[in-house]
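The block underneath contains the structure these notes are about, expressed in structure tokens.
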Amino acid sequence: MPLADCRIIDLPKITDVRGNLTFIEENRHVPFGIQRVYYLYDVPGGAERGGHAHKELHQLIVAMSGSFDVVLDDGREKKRFHLNRSYYGLYVCPMIWREIDNFSSGSVCMVLASNLYDESDYYREYSDFQAALRGRP
Ligand code: TYD
């Protein structure tokens, strides 16, 4: 699926003087069922995460606190998204190479995922990802 399918999703936000509230429902606010949640935190300055693609996995990436950048690449073009609000989610479809960098101090990157952790779903080498896009094993 191409980069054009990846997009910022504007999540519901219930504003309240006591504090705002955002919620995410599977197959409604995200175009997939949610089987796993994980988060990156205590990220040291200058660190980069990601550096892989998934064969089947759909994900939504949310900056729960602070900010960071996500660079998406479908093998044809690259696009950098800056995430800095907990009511925006970046939907990442399968077969997209992603890098996450530019973490602010204290930032928390939460990811909702459509499947349980499965190492065999990863392309960890960019050359393997490119070969798969060309339809080669
Ligand atoms: P990885 O997906 O490579 O992290 P990132 O893309 O954020 O740099 O995962 C790092 C390690 O954590 C790797 O050894 C696999 C493990 N891991 C799990 O065990 N379960 C999970 O849900 C995730 C996302 C990672």
Side-chain angles (χ1 to χ4, degrees):
M1 277 194 261
L3 194 50
D5 291 336
C6 301
R7 60 189 183 277
I8 296 285
I9 294 177
D10 205 354
L11 298 165
K13 182 182 178 191
I14 312 293
T15 53
D16 192 308
V17 289
R18 301 170 300 162
N20 300 330
L21 183 152
T22 284
F23 57 96
I24 305 170
E25 294 176 356
E26 60 178 355
N27 296 317
R28 187 170 178 207
H29 304 109
V30 291
F32 56 85
I34 299 164
Q35 287 204 17
R36 177 165 53 113
V37 178
Y38 66 92
Y39 27 96
L40 303 171
Y41 52 97
D42 293 345
V43 179
E48 292 181 9
R49 302 292 310 224
H52 62 254
H54 287 282
K55 298 173 188 173
E56 306 275 352
L57 195 71
H58 299 253
Q59 294 178 302
L60 187 84
I61 303 176
V62 182
M64 297 302 280
S65 183
S67 65
F68 49 82
D69 290 354
V70 185
V71 180
L72 300 184
D73 172 359
D74 66 0
R76 290 195 191 90
E77 53 170 335
K78 283 187 187 188
K79 196 167 173 187
R80 179 175 287 269
F81 295 86
H82 182 62
L83 294 182
N84 63 353
R85 294 282 183 267
S86 44
Y87 50 86
Y88 288 140
L90 176 62
Y91 169 64
V92 183
C93 62
M95 294 304 288
I96 298 286
W97 191 266
R98 88 286 314 276
E99 314 265 0
I100 312 178
D101 61 16
N102 202 18
F103 286 92
S104 70
S105 72
S107 58
V108 179
C109 170
M110 183 188 71
V111 183
L112 307 184
S114 62
N115 284 100
L116 304 184
Y117 173 72
D118 175 7
E119 185 60 35
S120 69
D121 186 64
Y122 281 74
Y123 290 109
R124 292 212 180 261
E125 297 294 333
Y126 192 77
S127 56
D128 293 341
F129 170 61
Q130 284 179 309
L133 289 173
R134 289 194 300 266
R136 292 207 330 237

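Just so it is clear, the model here is predicted, and its values are computed rather than measured. In listed order, ligands and their atoms are each counted from 1. Computation of the quantities below employed the complete heavy-atom set of this structure, encompassing side-chain atoms and omitting hydrogens, waters and symmetry-equivalent molecules.
Surrounding CE of M64 are at most 12 heavy atoms belonging to other residues, nucleotides or ligands under 6.0 Å away. Atom OH of Y38 has more than 12 neighbouring heavy atoms from other residues, nucleotides or ligands inside a 6.0 Å radius.
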What are the polar N/O contacts of ligand 1 with the protein below 3.5 Å, with distances?
| unit_1 | atom_1 | unit_2 | atom_2 | d |
| --- | --- | --- | --- | --- |
| ligand 1 | 2 (O) | Y122 | OH | 2.6 |
| ligand 1 | 3 (O) | R124 | NH1 | 2.8 |
| ligand 1 | 3 (O) | R124 | NH2 | 3.2 |
| ligand 1 | 4 (O) | R49 | NH2 | 3.2 |
| ligand 1 | 6 (O) | G50 | N | 3.3 |
| ligand 1 | 6 (O) | H52 | ND1 | 3.3 |
| ligand 1 | 7 (O) | R49 | NE | 3.3 |
| ligand 1 | 7 (O) | R49 | NH2 | 3.2 |
| ligand 1 | 8 (O) | R49 | NE | 2.9 |
| ligand 1 | 8 (O) | R49 | NH2 | 3.2 |
| ligand 1 | 8 (O) | G50 | N | 3.0 |
| ligand 1 | 22 (O) | R36 | NH1 | 2.4 |

Pairs under 3.5 angstrom only: tabulate donor-acceptor contacts from the side chains of residues 46-55 to other protein residues two or more places apart or in another chain.
| unit_1 | atom_1 | unit_2 | atom_2 | d |
| --- | --- | --- | --- | --- |
| H52 | NE2 | H54 | NE2 | 3.3 |
| H54 | ND1 | D121 | OD2 | 3.0 |
| K55 | NZ | S120 | O | 2.8 |

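The main-chain N or O of N84 is never found under 3.5 Å from a side-chain atom of S67 such that the two would form a donor-acceptor pair.
A ring-ring contact (aromatic ring centres under 6.0 Å, His included) with H29 holds for exactly one of F23, Y88, Y91, Y87; it is F23.
Between atom CD of residue E77 and atom CG of residue L72 there is a gap of 10.5 Å, rounded to the nearest 0.5 Å.
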